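As structure tokens, the structure follows; a few thoughts come after it.
It should be emphasised that the depicted structure is a prediction, and the values quoted were computed from it without experimental measurement. These numbers come from the heavy atoms of this one structure, side chains and all, not from hydrogens, waters or symmetry mates. Both ligands and their constituent atoms are indexed starting at 1 by order of listing.
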Amino acid sequence: MLKRVRFLFTGIVQGVGFRPFIYRLAHRYSLSGFVQNRSDGVVVEVEGDAGDIEVFLEHVSQELPLVASVSGIRSEDLETTGDRGFRVITSEKTDAMEVHISPDIATCEKCLKELFDPEDRRFRYAFINCTNCGPRLTIIKDIPYDRENTSMECFPMCKECSREYSDPLDRRFHAEPNACPECGPQLWLLDSSGRKIDTPDPVERAVDLISEGYILAIKGLGGFHLSVDAGNDEAVKRLRDRKFREEKPLAVMVKDVTHARLVSEVGQVEERILRSPERPIVLLRKKNGILSPYIAPGMYTYGIMLPYTPLHHLLLEKRFNALVMTSANHKDEPICTGNREALDRLNGIADFFLVHNRDILVRCDDSIVFVPSSGMSLVRRSRGFSPRPIRISEPLPGVLALGGHMKTSVCVLKHDMAFLSPHVGDLETPLARDFLFKSISLMERITSTRPDCVASDLHPDYYSTRLAQKLGRRRVVQVQHHHAHIVSCMAENMVSGSVIGIAMDGTGYGTDGAVWGGEFLLCDEASFQRAGHIGYFVLPGGERAVKEPWRVALSLLREAFGRSWKEIATGLSLVEDSSLLPVLEAVIERRINSPQTSSLGRLFDGIAAIVGLRRKVSFEGQAAMELEALARLSEGIELGYGIVSQGDKLILDLLPTVREIAKGMLEGIPREFLARSFHETLISAFADMALSLAASTGLGRVVLSGGCFQNRILVEGLMDRLTGKGVDVFFHHLIPTNDGGISLGQAVCAGYRIKNKA
Ligand code: ZN
Ligand code: ZN
Ligand code: FE
């Protein structure tokens with residue numbers, strides 16, 4: 001029977017080779033009709049035998065291109081027209097926007113082969129790409145995703161490129177960034193004053209310069225990297241001195257998995273993620289050897305990634321085992337994207353600049369992944385992942401969520417999809433705040449929405465909270481920080497209804513004005529009850545205590561030991577000058593700028609100081625990461641703790657733990673043993689708390705979130721313990737457990753609150 005059917009495919013179906021794929025399938029089943037990109041999706045009309053059309057549709061889902069993803073198919077029967085042949089017709093703009101912009105995709109195997117084939121016309125051409133790979137989000141100006149809406153607009157294609165672009169059977173059919181050495185973008189090398197360096201091969205010259213120990217700024221996909229030879233101590237040290245004056249680990253790029261294995265442990269899952277088209281940085285356990293010790297001091301992991309652009313492949317082809325590839329920015333500032341901007345902002349850091357003339361229109365940092373036993377979990381969700389939407393369990397009203405203050409991202413909720421922006425970062429500087437604005441407008445543009453509702457944190461002093469008030473949307477919904485954490489994890493796991501949430505975190509504003517961060521919540525998507533928390537301790541000097549863990553240590557010792565705390569503190573050499581002790585005591589007792597906190601992050605800092613790891617930190621989480629690295633060197637035992645019922649709350653008293661650790665240090669017990677024991681104690685204590693809440697409420701689902709669960713010992717131990725007791729435990733995969741996921745939690749929470757009221 002002859003039939004004509006119109007399909008509308010929505011999801012990531014543009015810029016991923018979907019139309020040529022449809023074209024080939026239609027040919028295979030001798031169907032006539034057409035395929036067309038529209039802003040509401042891809043329309044396919046097919047005419048032919050009814051059975052063939054059915055098989056055609058089956059194969060659409062079975063053989064879908066690697067990076068495409070179909071989120072919806074609508075179909076409609078039409079009158080047959082006697083159509084002959086199958087055509088690809090030009091894009092049409094409609095009002096409804098159901099097309100999702102694809103993330104950027106690492107260079108594919110076929111393109112790589114051409115890149116290194118001396119016979120190919122794109123031999124060693126740094127901008128090679130096809131419908132299956134190349135830049136996407138980072139080059140878009142507007143939707144639909146067509147060449148004239150990208151930064152490739154200014155490169156008219158040569159004859160040969162146009163031919164590929166318009167041939168439905170070519171693997172570059174409608175590859176919007178398609179280019180070749182004749183017609184496409186070019187590379188060149190600049191010195192630090194912006195003067196062009198005369199060289200026939202900028203890549204070769206750049207490789208020479210890196211070998212000689214220079215620092216290069218290299219323009220990438222979503223921003224600039226700063227690069228040095230990762231085996232060259234002097235160069236790595238110089239980069240640190242010039243860039244940070246701090247100790248954050250530096251990301252490293254290696255040529256392939258074999259090279260990754262030279263420097264780190266690579267399991268099966270890790271290997272798959274390293275090679276994936278998203279190409280994130282993967283945190284891998286260090287092997288001692290060829291990398292400079294200045295790459296990731298004090299950490300037990302390296303951040304390793306494989307090349308994801310043709311330029312990276314060229315740079316790593318011969319000379320280096322590994323290159324440092326760290327985001328080119330100053331502390332707290334977003335990564336550089338423009339050539340001029342890089343010369344300005346990296347002045348005094350980079351010796352040379354390897355740049356090109358394909359503009360980066362959307363800033364996008366490298367994504368970061370860690371792999372606990374529960375599987376992949378994102379630490380930073382950006383290039384390769386954003387703006388791929390997260391599907392949530394039911395359609396909700398539109399919301400724009402602004403996230404928190406640190407590591408923030410923006411989220412737009414539309415129907416049953418949540419779209420997270422690339423990583424925005426810490427909102428400390430005017431540049432970062434400007435980037436927040438740009439991210440809001442980007443996400444609204446690519447989702448074609450302007451939600452009535454803005455969601456924000458509860459913290460009155462966060463820049464994002466104040467901005468939410470100022471945006472002038474119809475309604476503002478404030479969501480408590482740790483509730484947002486838990487809801488973000490529920491959302492990505494499609495968990496609905498009442499759960500026990502364990503939020504272990506740095507800091508978040510609590511409803512009682514205290515600094516929360518060790519929370520046990522009974523909650524659903526819309527509301528929560530604080531069922532328990534880590535016992536409060538004083539944070540002497542507030543924000544200063546975050547940078548100076550010795551202050552937290554003293555406060556903990558004072559709570560734990562009462563009057564004898566000063567001797568203990570002196571015995572542990574926590575202060576350089578003992579006259580500081582009475583001063584600090586006064587600060588704590590009079591609570592001068594010293595809030596109470598239940599933060600596990602701060603407790604980690606305090607314990608790290610007590611075991612003598614460090615008195616000060618240069619970035620948040622540093623002490624905790626080093627404590628975990630230390631704990632990995634030893635077995636441990638469970639130390640004392642208490643659970644006290646106080647009104648309607650359970651208070652987890654960890655002062656006995658603090659006491660045992662401090663005494664242990666004074667008795668000369670190895671600190672790695674104490675560090676491990678601290679971890680083991682937390683696992684038992686958190687499991688106990690969760691199980692007693694489960695018993696009293698009858699709830700059997702526990703949801704874990706918050707920055708402290710980037711600690712693998714903690715998250716793996718707790719999941720094992722709870723699963724062993726028959727509890728369903730949920731953890732993050734696609735959304736960061738740190739504050740990078742807050743915006744999703746805020747958006748979903750706000751969506752449910754509006755929906756419940758309506
Ligand atoms: Zn390709
Ligand atoms: Zn060309
Ligand atoms: Fe947080």
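Heavy-atom contacts from other residues, nucleotides or ligands closer than 6.0 Å to CD of Gln529 number more than 12. The number of heavy atoms from other shown groups lying within 6.0 Å of CD (Glu182) does not exceed 12.
For the side chain to side chain contact (heavy atoms under 4.5 Å, CB included) with Ser367, the lone residue among Pro280, Ser386, Pro103 that qualifies is Pro280.
The SG atom of Cys108, the Zn ion (ligand 1) and the SG atom of Cys130 define an angle of 100° (nearest 10 degrees). Centred on the Fe ion (ligand 3), the OD2 atom of Asp505 and the NE2 atom of His485 lie at an angle of 100°, reported to 10°. In this structure, SG of Cys111 and SG of Cys133 enclose an angle of 100° at the Zn ion (ligand 1), rounded to 10°.
Under 2.8 Å from the Fe ion (ligand 3) lies an N/O/S atom of His481, whether from backbone or side chain.
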Task: Phe537 and Thr597: CA distance, side-chain angles, deciding distance, side chain to side chain contact (heavy atoms under 4.5 Å, CB included) verdict - done: CA-CA 5 Å; Phe537 52 96; Thr597 187; 3.5 Å; yes
Task: Audit row: Ile502, Phe709, side chain to side chain contact (heavy atoms under 4.5 Å, CB included) steps and yes/no - done: CA-CA 10 Å; Ile502 306 184; Phe709 286 122; 4.1 Å; yes
Open item on the list: Let's go through Glu492 and Phe730 carefully: what are the C-alpha distance in whole Å and the side-chain angles of both, what is the deciding distance for side chain to side chain contact (heavy atoms under 4.5 Å, CB included) to 0.1 Å, and is it a yes or a no?
Closed with: CA-CA 10 Å; Glu492 71 155 306; Phe730 298 91; over 6 Å; no
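Restricting Asp739 to its N/O/S atoms, the shortest distance to the Fe ion (ligand 3) is reached by OD1.
Aromatic ring centres of Tyr145 and His100: separated by at least 6.0 Å. Proximity of the aromatic rings of His174 and Tyr165 is defined here by a centroid distance below 6.0 angstrom, and this criterion is met.
For the Zn ion (ligand 2), the set of protein N/O/S atoms nearer than 2.8 Å consists of Cys158 SG, Cys161 SG, Cys180 SG, Cys183 SG, ordered by chain and number.
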